[in-house]
Amino acid sequence: MSGEHVRCAWQFDPAKDVPTAIYLSQLWTYAATVLYPMRAVKHLGFFPRGSIGKYPTRAPTPGEGQLFSVHRRQPVYLRSDEVERVSVAEFERGASLYEVVVAPFTRPVDAEAMKLIARLTPPAARILDLGCGPGTQLLRLARMFPQGEVVGIDLADEMVTIAWRSAQRAGYRNTAFWQAEVTRLPAEFAGKFDVVHCSFAFHHYPDPVGVLREIYRVLVPEGKSFVIDGGTWWANLMAAPFAQMGDPGWVRFYTGSELADLFSRAGFNDFYWEELLPGVGVAVGTK
Ligand SMILES: C[S@@+](CC[C@H](N)C(=O)[O-])C[C@H]1O[C@@H](n2cnc3c(N)ncnc32)[C@H](O)[C@@H]1O
């Protein structure tokens with residue numbers, strides 16, 4: 001662990017936290033009134049699933065197995081002069097509270113996304129979680145794929161530390177953590193991952209094609225990328241003003257067809273998009 005990385009305790013700042021609180025209350029209200037009830041409706045088989053492209057097939061391999069988790073028991077941090085702090089400064093500040101305040105919204109979406117991931121991912125998959133935050137989905141993936149491994153990267157060092165500590169506490173040894181920027185992943189990742197998972201982080205990336213090209217670079221042939229984020233035009237339109245005001249570093253949300261175009265420009269061979277719950281989708285790109 002780098003001796004130089006900065007520790008930030010959260011302190012209330014009305015100028016930043018009031019807009020964020022408004023955004024969060026909008027997310028919670030949407031989750032309580034739409035996402036949870038519609039999950040139950042979907043469970044009963046009544047959810048009209050919107051999709052784009054052909055439903056993907058699972059790569060016929062067992063998966064790349066464990067590698068980084070065997071050799072990297074400690075998180076790998078950037079040197080302070082390598083970090084572009086501005087873009088994730090608010091995530092550093094709010095890292096300790098992030099999971100508590102955001103999980104009520106992401107939990108039902110995660111649950112639906114994980115079902116799709118479980119169907120399309122080989123049992124010993126090596127998975128990269130981009131923008132892993134405090135590790136909510138990363139730990140779930142580590143539990144789902146005990147023969148595989150999950151590597152989490154995040155630019156906010158506080159997030160990396162929190163995710164690593166949670167994995168340690170939970171005893172998940174099939175995990176590893178890096179502080180990294182999504183368009184400059186470690187060189188040793190090239191061609192090493194069966195799956196890249198990216199949950200509610202894609203809307204933060206100013207260069208989405210650059211990120212997808214980087215994802216493509218780190219995937220094995222026929223590897224898959226799962227990008228979970230906003231996804232229908234109406235939900236994006238409704239959420240954008242709140243996100244702009246209260247989500248630090250938000251850039252924009254994309255529809256399924258906009259994502260199809262971005263994936264194709266990054267070189268992906270196949271693309272599939274599905275509305276997981278009203279307004280929220282998953283894009284699956286196959287290399
Ligand atoms: C909204 S959080 C999502 C966290 C987690 N995936 C989840 O769904 O709960 C977005 C995360 O992406 C990270 N992030 C934002 N921009 C990034 C970048 N350019 N490179 C790496 N991580 C970034 C932030 O630090 C933050 O932890």
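Counting starts at 1 for both ligands and their atoms, following the listed order.
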Within-cut-off N or O pair, [X] and ligand 1, under 3.5 Å:
| X | result |
| --- | --- |
| Tyr205 | no |
| Ser199 | yes |
| Phe200 | no |
| Gln137 | yes |

Residues Arg107, Glu112: salt bridge by 4.0 Å N-O rule |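 No, Arg107 and Glu112 are not salt-bridged.
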Taking the minimum heavy-atom distance to atom 13 (C) of ligand 1, which of Thr136, Thr106, Asp154, Val160 ranks first?
->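 Nearest heavy atom to atom 13 (C) of ligand 1 lies in Asp154.
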Could you check which of Gly210, Gly131, Ala103 puts a non-hydrogen atom nearest to atom 5 (C) of ligand 1?
->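 Heavy atom nearest to atom 5 (C) of ligand 1 belongs to Gly131.
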Residue portion contacting ligand 1 (non-hydrogen atoms closer than 4.0 Å) for Glu181 =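 Both backbone and side chain.
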What do we get for Pro134 next to ligand 1 when only non-hydrogen atoms under 4.0 Å count, side chain, backbone, both or neither?
->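 It is neither; nothing of Pro134 touches ligand 1.
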Within the structure, is a non-hydrogen atom of [X] found at a distance of less than 4.0 Å from ligand 1?
| X | result |
| --- | --- |
| Cys198 | no |
| Gly249 | no |
| Val102 | no |

Just checking, is any N or O donor in the side chain of Glu99 or Thr136 under 3.5 Å from an acceptor N or O on the other one?
->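 Side chains of Glu99 and Thr136: pair found under 3.5 Å.
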Arg119 side chain to Tyr55 side chain, donor-acceptor N/O pair below 3.5 angstrom |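 Their side chains do contain a donor-acceptor pair, which is all the 3.5 Å distance test asks for.
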How long is the span from the CD1 atom in Ile228 to the CG atom in Leu276, to the nearest 0.5 Å?
->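 Those atoms lie 7.0 Å apart.
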Verify the ring-centre separation between His197 and Phe226: is it less than 6.0 angstrom?
->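 Between Phe226 and His197, the centre distance exceeds or equals 6.0 Å.
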Looking at the rings of Trp178 and Tyr77, which for Trp means the six-membered one, are their centres under 6.0 Å apart?
->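 Not close enough - the centres of the two rings lie 6.0 Å or further apart.
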With atoms numbered from 1 as shown, which atoms in ligand 1 lie under 4.0 angstrom from a non-hydrogen atom of Met159?
->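 Answer for ligand 1: 27 (O).
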List every atom of ligand 1 that sits less than 4.0 Å from any heavy atom of Ala156, numbering the atoms from 1 in the order shown and giving each element.
->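 Reading through ligand 1 atom by atom, the close ones are 25 (O).
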For Lys192 and Leu67, run side chain to side chain contact (heavy atoms under 4.5 Å, CB included): C-alpha distance rounded to whole Å, both residues' side-chain angles, the deciding distance at 0.1 Å, then the answer.
-> CA-CA 9 Å; Lys192 290 286 197 292; Leu67 171 69; 3.9 Å; yes
Show your reasoning for whether ring-ring contact (aromatic ring centres under 6.0 Å, His included) applies to Phe68 and Phe189.
-> CA-CA 9 Å; Phe68 298 109; Phe189 285 8; 5.1 Å; yes
